[in-house]
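Quick notes on the structure that follows.
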Amino acid sequence: VRIDSALQQQLNLTQQFGMELLEVRTGGPADRAELKRLDVVIAADGEPVTEPRDLQRIVRRHKVGEKVAVSFLRGGKLRKVTVVL
């Protein structure tokens, strides 16, 4: 999903796209980290995320129980959480 240019400037973001979460499985790692449907993930493990393939590639490098830092947009604000896989 495209990130509004005004929001990019406001938050000092260099990337124009992020990955919108369309589904968060109840009880899954994203749910436990309090990510919500329609949050826009922009980075994971310090790498940009612009599409599902990016996030999948990053997650595959980790084992169950490992932590991944995730940056995302919700309500026009930049937020960060740690997701335990």
Side-chain angles (χ1 to χ4, degrees):
V1 46
R2 189 169 199 42
I3 299 171
D4 177 80
S5 60
L7 185 59
Q8 277 181 279
Q9 290 178 342
Q10 176 187 344
L11 298 175
N12 254 352
L13 299 176
T14 56
Q15 69 192 72
Q16 296 177 348
F17 295 91
M19 187 197 82
E20 187 174 55
L21 295 177
L22 298 177
E23 179 183 350
V24 176
R25 292 190 180 144
T26 303
D31 182 44
R32 290 192 308 269
E34 299 185 7
L35 288 164
K36 307 236 181 271
R37 185 177 183 276
L38 303 183
D39 284 345
V40 178
V41 176
I42 59 168
D45 212 19
E47 296 181 38
V49 172
T50 59
E51 60 181 284
R53 199 175 356 192
D54 296 334
L55 187 58
Q56 291 166 350
R57 177 179 41 78
I58 294 165
V59 168
R60 269 190 245 129
R61 291 194 311 237
H62 295 276
K63 296 177 184 170
V64 172
E66 289 186 334
K67 297 177 182 178
V68 177
V70 175
S71 299
F72 65 99
L73 303 174
R74 180 187 294 159
K77 294 184 180 179
L78 179 61
R79 300 175 185 232
K80 297 180 182 181
V81 294
T82 300
V83 176
V84 179
L85 303 176

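Here the structure is a predicted model, which means the values were calculated and not measured. We count residues from 1, following the sequence as given.
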Which ILVMFWY residues can you reach from F17 by hopping between side chains whose heavy atoms are under 4.5 Å apart?
none
When rounded to the nearest 0.5 angstrom, what distance separates CD in E20 from CG in L22?
5.5 Å
Here the gap from I3 atom CD1 to L11 atom CG, rounded to the nearest 0.5 Å, amounts to 8.5 Å
Closest non-hydrogen atoms of M19 and P52, given as atom of the first, atom of the second and distance, are SD-CA, 3.2 Å
Inter-residue atom distance R2.CZ - L7.CG, 0.5 Å rounding:
12.5 Å
List, one per line, each side-chain donor-acceptor pair under 3.5 Å for residues 23-34, sequence neighbours excluded.
| residue | atom | partner | partner atom | Å |
| --- | --- | --- | --- | --- |
| D31 | OD2 | G27 | N | 2.7 |
| R32 | NH1 | G27 | O | 2.6 |
| R32 | NH2 | V84 | O | 3.3 |

Does a side-chain N-to-carboxylate-O contact under 4.0 Å join D45 and R61?
yes
Are any side-chain N or O atoms of D54 and backbone N or O atoms of T50, one a donor and one an acceptor, separated by less than 3.5 Å?
yes
Could you state the interatomic distance from CG (L55) to CZ (R60), rounded to the nearest 0.5 Å?
10.0 Å
V49 and its side chain to side chain contact (heavy atoms under 4.5 Å, CB included) partner, picked from I42, V41, V40
V41
Rounded to the nearest 0.5 angstrom, the CG-NZ distance for L85 and K67 is 11.0 Å
Heavy-atom nearest pair, K36 first then R74, reads CG-NH2, 3.1 Å
Say you draw a straight line from CG of L73 to CG of L78; how long is it, rounded to the nearest 0.5 Å?
6.0 Å
G76 and Q10 have their tightest heavy-atom pair at O-NE2, 4.4 Å
Answer with yes or no whether the hydrophobic clustering places I58 together with L35; edges join I, L, V, M, F, W, Y residues whose side-chain heavy atoms lie under 4.5 Å apart.
yes
